[in-house]
There are 2 protein chains.
Amino acid sequence: MANPRDPSAAPFVVQRNLVDQVVDYLTEAILASRFAPGERLSEAGLAAELGISRAPVREAARLMESRGLLVSRPRRGFFVRTLDVAELSDVFDLRIGLERHAFERVMTRFDAAIEQRLHRQISRLCEVAAGDDEGLKIEEDLAFHRLVFELADNARLARAFDDLSFELRLCITLITRTHETPESIAASHWRLLEALKSGDPQRCRDEVDYHIGVARDSVIERLADHAGVARG
Amino acid sequence: MANPRDPSAAPFVVQRNLVDQVVDYLTEAILASRFAPGERLSEAGLAAELGISRAPVREAARLMESRGLLVSRPRRGFFVRTLDVAELSDVFDLRIGLERHAFERVMTRFDAAIEQRLHRQISRLCEVAAGDDEGLKIEEDLAFHRLVFELADNARLARAFDDLSFELRLCITLITRTHETPESIAASHWRLLEALKSGDPQRCRDEVDYHIGVARDSVIERLADHAGVARG
DNA sequence: TCGGCACAAACTGTCGACAGTCGGCAATCG
DNA sequence: CGATTGCCGACTGTCGACAGTTTGTGCCGA
């Protein structure tokens with residue numbers, strides 16, 4: 001072993017290219033609602049704001065379009081993605097399909113090590129659930145589900161979830177608060193782990209459907225309120 | 001001649017931007033194996049070959065990277081995607097997850113109109129299955145599954161399948177022939193339609209699993225042969 | 001007062017160019 | 001003779017600029 005330059009290892013000194021930096025900047029800005037949904041993003045304006053040329057901005061925007069955070073209209077430029085109730089419903093429906101599959105795969109290879117990792121992540125989620133940082137709750141919640149996909153041992157499946165995650169975050173960003181009480185958050189995830197442990201596919205599937213269904217209904221309900229307020 | 005300013009015909013005769021044209025060009029070239037898997041693509045070379053500048057080529061390549069047909073290495077450029085057996089297995093496993101979900105949704109809204117559309121598509125598939133055009137068989141086969149996703153009435157789900165389709169085509173491109181006899185192709189798809197018609201979720205799911213499983217095993221087996229020949 | 005037309009501003013799509021970096025090759029040293 | 005180092009070519013990342021298009025505005029006529 002001991003080759004100091006292991007190509008698989010992360011580089012020590014990362015010279016991040018501008019595109020990645022712009023992607024991070026825009027992603028953070030959109031998810032923090034610093035850009036309004038539907039707002040037009042000017043390439044030149046962003047480039048000037050960041051002190052760079054338009055080329056990296058364009059590439060970053062294209063990348064974010066593929067992630068579903070921006071949409072482009074030919075000759076019109078890029079706009080912050082908006083989600084109506086129908087699209088939002090589609091997103092959560094697809095999530096159900098993906099999570100059912102991931103949980104099923106995890107169940108087939110469930111063991112003590114997997115249980116421990118999931119246990120730890122739920123504990124972490126419980127810790128932040130009692131606090132006030134809504135963004136942190138969301139991230140730890142998604143981190144649990146991301147862990148499930150990682151444990152499902154299918155990189156392509158995990159990537160599909162990652163792609164969807166950006167849109168999920170966008171859904172959640174559209175509303176102010178998402179979650180139930182800390183107790184219900186914890187209980188819901190513990191039940192998922194118990195279902196995995198049981199080895200009963202039907203029970204696991206039902207639990208996933210319920211878990212995602214609750215999240216979907218919560219987001220949809222609050223989005224409806226939001227839209228009502230915005231237009232009322 | 002083609003005056004680009006013709007608003008009356010706008011929806012159909014849009015002046016396609018260079019990026020889309022390059023995407024089509026590269027996609028066709030890769031899927032037709034005119035570029036070898038793993039081959040490096042030079043931006044400047046492609047730009048010169050097509051008589052355009054590098055900017056549209058870069059954007060097109062980035063788009064194709066998000067579709068999984070190219071991979072980029074920082075400061076090295078773009079390479080034609082290669083798929084090993086593990087990745088290929090992942091792709092088909094994700095496909096099973098997506099198709100299970102799509103078929104389930106179609107079943108819940110199954111009616112005569114849906115049956116007719118699927119029936120027609122299978123008939124079309126049967127027609128070409130007897131011929132020699134392997135590419136056409138693949139396209140009509142995928143068109144059937146694409147139709148199922150369309151009938152599932154979830155745009156995000158369909159997009160997930162479309163994304164996967166590029167990689168599926170890439171899988172299939174890696175091998176010369178994919179399919180069984182015309183009879184088995186037909187029978188396999190008719191059974192899927194029958195399963196949908198039965199309204200039995202478990203039967204439908206089993207049929208999907210079998211259908212995709214056969215395709216997966218076929219591709220994997222032939223890829224293994226291919227690799228063996230290539231390296232033997 | 002209102003609708004249509006023309007002009008102007010802003011922006012995107014595309015281009016050519018430059019600088020920094022990476023991989024390969026050859027000369028050099030042990 | 002093998003390993004290392006420096007150099008060279010090729011290429012990517014980034015930049016500034018131009019042309020065509022779209023949007024918004026103001027003027028003119030009815």
Side-chain angles (χ1 to χ4, degrees), chain A residues 2-26 35-36 38-66 69-81, chain B residues 1-26 35-36 38-66 69-82:
Chain A
N3 186 335
R5 292 285 302 274
D6 183 357
S8 65
F12 296 98
V13 46
V14 272
Q15 45 181 3
R16 292 165 50 71
N17 55 11
L18 291 181
V19 174
D20 289 343
Q21 296 182 51
V22 175
V23 166
D24 288 350
Y25 172 80
L26 287 179
F35 293 129
E39 180 176 346
R40 180 175 182 173
L41 297 184
S42 158
E43 293 178 11
L46 282 172
E49 183 181 333
L50 298 174
I52 59 178
S53 76
R54 280 173 47 215
V57 175
R58 278 180 69 90
E59 285 196 29
R62 273 280 153 82
L63 187 57
M64 298 189 63
E65 184 187 14
S66 74
L69 292 183
L70 295 179
V71 294
S72 78
R73 291 165 54 186
R75 298 262 169 206
R76 291 296 319 279
F78 294 91
F79 299 79
V80 178
R81 171 87 177 276
Chain B
M1 60 171 280
N3 189 332
R5 292 174 55 181
D6 187 2
S8 60
F12 298 98
V13 193
V14 279
Q15 59 163 357
R16 294 164 51 70
N17 57 9
L18 290 181
V19 175
D20 290 343
Q21 295 183 50
V22 174
V23 166
D24 288 349
Y25 172 80
L26 287 179
F35 292 130
E39 180 176 345
R40 180 175 181 174
L41 297 185
S42 159
E43 292 177 11
L46 281 173
E49 183 181 332
L50 299 173
I52 59 178
S53 76
R54 280 174 47 214
V57 174
R58 278 180 70 89
E59 285 195 27
R62 273 278 154 82
L63 188 57
M64 298 189 63
E65 184 187 13
S66 74
L69 291 182
L70 296 178
V71 294
S72 78
R73 289 165 54 187
R75 299 260 171 209
R76 289 302 319 276
F78 295 91
F79 299 79
V80 178
R81 171 88 177 276
T82 61

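Within every chain, numbering begins at 1; the chains are lettered A, B, ... in the order of the sequence lines, protein sequences first and strands thereafter.
- Within 3.5 Å, no donor on the side chain of A:R76 pairs with an acceptor on the base of C:dG13, nor the reverse.
- Residues satisfying the side chain to side chain donor-acceptor pair (under 3.5 Å) criterion with A:E49, sequence neighbours excluded, are A:Y25.
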### salt bridge (Lys or Arg N to Asp or Glu O under 4.0 Å) evaluation trace for B:R62 with B:E65
CA-CA 5 Å; B:R62 273 278 154 82; B:E65 184 187 13; 3.6 Å; yes

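- Residues satisfying the side chain to side chain contact (heavy atoms under 4.5 Å, CB included) test with A:A55, not counting sequence neighbours, are A:S53.
- Nucleotide C:dT12 holds its C1' atom 15 Å from the CG atom of A:L70, rounded to whole Å.
- The nearest heavy atom of DNA chain D to B:F78 and to A:A55 marks one nucleotide each, and the one closer to the 5' end goes with B:F78.
- Looking at B:D20, its side chain never comes within 3.5 Å of a backbone N or O of B:V23 through a donor-acceptor pair.
- Per the geometry, CZ belonging to A:R75 stands 6 Å off P belonging to C:dG13, to the nearest Å.
- Geometric assessment of B:R40 against the ring of B:F78 yields a negative cation-pi assignment under the 6.0 Å and 45° thresholds.
- Between the side chain of A:R54 and the base of C:dG13, at least one donor-acceptor pair of N or O atoms lies under 3.5 Å.
- Nearest-nucleotide assignment on DNA chain C puts the 5′-proximal partner with B:P56, out of B:P74 and B:P56.
- The CZ-C1' distance, from A:R58 to D:dG13, rounds to 16 Å in whole Å.
- Between A:E43 atom CD and D:dA17 atom P the separation is 17 Å, expressed in whole Å.
- At whole-Å resolution of the value, CG in B:N17 and P in D:dG20 are 17 Å apart.
- Rounded to whole Å, the distance from CZ on A:R40 to C1' on D:dT21 is 11 Å.
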### Task
Quick one: do B:L26 and B:L69 satisfy side chain to side chain contact (heavy atoms under 4.5 Å, CB included)? Show the steps, please.
CA-CA 9 Å; B:L26 287 179; B:L69 291 182; over 6 Å; no

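- Residue B:V71 forms a side chain to side chain contact (heavy atoms under 4.5 Å, CB included) with just one option from B:R76, B:R81, B:M64, and that option is B:R81.
- Of all the residues in residues 44-53 of chain A, A:A44 reach under 4.0 Å from DNA chain C with at least one non-hydrogen atom.
- Atom P of nucleotide C:dG13 and atom CD of B:Q21 are separated by 14 Å, given to the nearest angstrom.
- Per the geometry, CG belonging to B:L41 stands 14 Å off C1' belonging to D:dT12, to the nearest Å.
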